[in-house]
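First the structure, in the form of structure tokens, and then the observations on it.
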Amino acid sequence: MNDDTPAAAALARAVERRDATDAEAKALASSIRIRILRLCLDEALSNREIAEATGLNPATSLHHVRMLADTGFLEPQEARRGKRGSREIPYLATGKSWFLNTGDMTTEMIEAFTAEFTAAPYEERTMGRMAAMLTEDEVEEFRARIDELFEEFRSRRKKPNAKQWGLFIAMHPSDPHDR
């Protein structure tokens, strides 16, 4: 691919990362907060709506929402009237988490994925697993192609008749002789 293409430029922006601050890393070190960010990705939700979607009580949900808002992962939107006429503030994810190196969040990411995956209707779930024999160069090529594909589809935001789908990809050496 030519490095001057819009896709190449978008991918370069996607992989420009910086290390998370301690507060940012702590905010993302929770599977429930990762789920909240996904819930608020394309639709601003109030604390009440987040609590209902996650099965948390509103006070616990508010703790998580405030931590994400205080660190810039959620952004409060214009206040609106709730179901019973009360004033509520909806929150929208900023996408900031896509650009941070947060260290090892394996457990939190897998827990968030598992909760979301098992909550989805069985008939709509897709799962696959494979082992591939790859040279170091091929590993880097594979990762670059996955990153490019992620960026291409991540940049497609909310549109009519579209439904949000979650995707989780993990890659690791699997040859027990390499350990």
Side-chain angles (χ1 to χ4, degrees), residues 10 13-127 146-147 149-170:
R13 283 193 306 279
V15 295
E16 288 175 11
R17 298 186 174 273
R18 68 168 175 83
D19 290 340
T21 65
D22 289 343
E24 290 167 336
K26 183 177 179 183
L28 292 178
S30 161
S31 63
I32 194 66
R33 288 191 287 271
I34 293 168
R35 289 184 60 210
I36 289 169
L37 289 177
R38 174 155 355 256
L39 287 168
C40 297
L41 182 60
D42 290 312
E43 179 182 5
L45 299 175
S46 69
N47 182 62
R48 177 189 51 79
E49 293 167 323
I50 292 168
E52 288 172 4
T54 57
L56 296 172
N57 71 52
T60 302
S61 176
L62 185 59
H63 163 76
H64 293 295
V65 167
R66 284 184 175 158
M67 182 175 272
L68 290 167
D70 288 348
T71 51
F73 295 109
L74 285 179
E75 190 171 78
Q77 304 298 295
E78 194 171 315
R80 64 184 183 202
R81 291 284 165 213
K83 282 184 178 177
R84 298 184 188 119
S86 62
R87 181 180 175 272
E88 58 184 25
I89 298 171
Y91 294 87
L92 193 61
T94 63
K96 176 181 173 180
S97 61
W98 295 329
F99 304 100
L100 295 177
N101 293 321
T102 55
D104 186 1
M105 291 181 42
T106 304
T107 301
E108 295 83 359
M109 293 291 285
I110 290 173
E111 286 174 356
F113 168 76
T114 301
E116 293 170 353
F117 189 77
T118 57
Y122 175 77
E123 304 77 29
E124 294 188 43
R125 296 186 221 161
T126 305
M127 186 166 58
I146 291 294
D147 286 346
L149 188 62
F150 264 44
E151 178 57 25
E152 176 187 340
F153 282 87
R154 184 194 64 81
S155 64
R156 298 179 187 183
R157 298 305 337 135
K158 195 170 185 173
K159 54 188 164 188
N161 301 320
K163 174 166 103 173
Q164 188 182 94
W165 287 80
L167 180 66
F168 181 89
I169 293 182

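None of these values were measured; they are calculated from a predicted model.
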Residues E75, K96; criterion side chain to side chain contact (heavy atoms under 4.5 Å, CB included); working and verdict: CA-CA 10 Å; E75 190 171 78; K96 176 181 173 180; over 6 Å; no

Spacing of T21 atom OG1 and K26 atom NZ [to the nearest 0.5 Å]: 11.5 Å

Any donor-acceptor pair under 3.5 Å from N47 side chain to V65 backbone: no

Check: K163 and E124 side chains under 4.5 Å, non-hydrogen atoms: yes

Pairwise distance CD1(I50) to CG(L39) - rounded to 0.5 angstrom: 7.0 Å

Flag side-chain contact, heavy atom, 4.5 Å: R35 against E111: no

side-chain hydrogen bond (donor to acceptor under 3.5 Å, both in side chains) partners for E78, two or more places apart: none

Whether S86 side chain and G82 backbone form a donor-acceptor pair below 3.5 Å: no

NZ/NE/NH1/NH2 to OD/OE distance under 4.0 Å, R80 and E49: yes

Reported CG-to-SG distance for the pair L92 and C40, which is rounded to 0.5 angstrom: 7.0 Å

Chi angles and distances behind the side chain to side chain contact (heavy atoms under 4.5 Å, CB included) call for F168, E116: CA-CA 10 Å; F168 181 89; E116 293 170 353; over 6 Å; no

Spacing of H64 atom NE2 and T60 atom OG1 [to the nearest 0.5 Å]: 6.5 Å

Rounded distance (nearest 0.5 Å) linking atom OG of S61 with atom CZ of R48: 11.0 Å

R66 atom CZ, neighbour heavy-atom count above 12 within 6.0 Å: no

Heavy-atom side-chain contact between L37 and L28 under 4.5 Å: yes

Student check: side-chain heavy atoms of L45 and P90 closer than 4.5 Å: no

All ring-ring contact (aromatic ring centres under 6.0 Å, His included) counterparts of F150, not counting sequence neighbours: none

Nearest-0.5 Å distance, NE2 of residue H63 to OG of residue S30: 8.0 Å

Sub-4.5 Å side-chain heavy-atom contact between L74 and I36: yes

Which atom of A23 lies closest to which atom of T71, heavy atoms considered: O-CG2, 3.7 Å

Pairwise side-chain contact, D22 with E24, heavy-atom cut-off 4.5 Å (strictly under): no

Lys NZ or Arg CZ of R33 over F73 ring: under 6.0 Å, within 45°: no

Check: R125 and F117 side chains under 4.5 Å, non-hydrogen atoms: yes

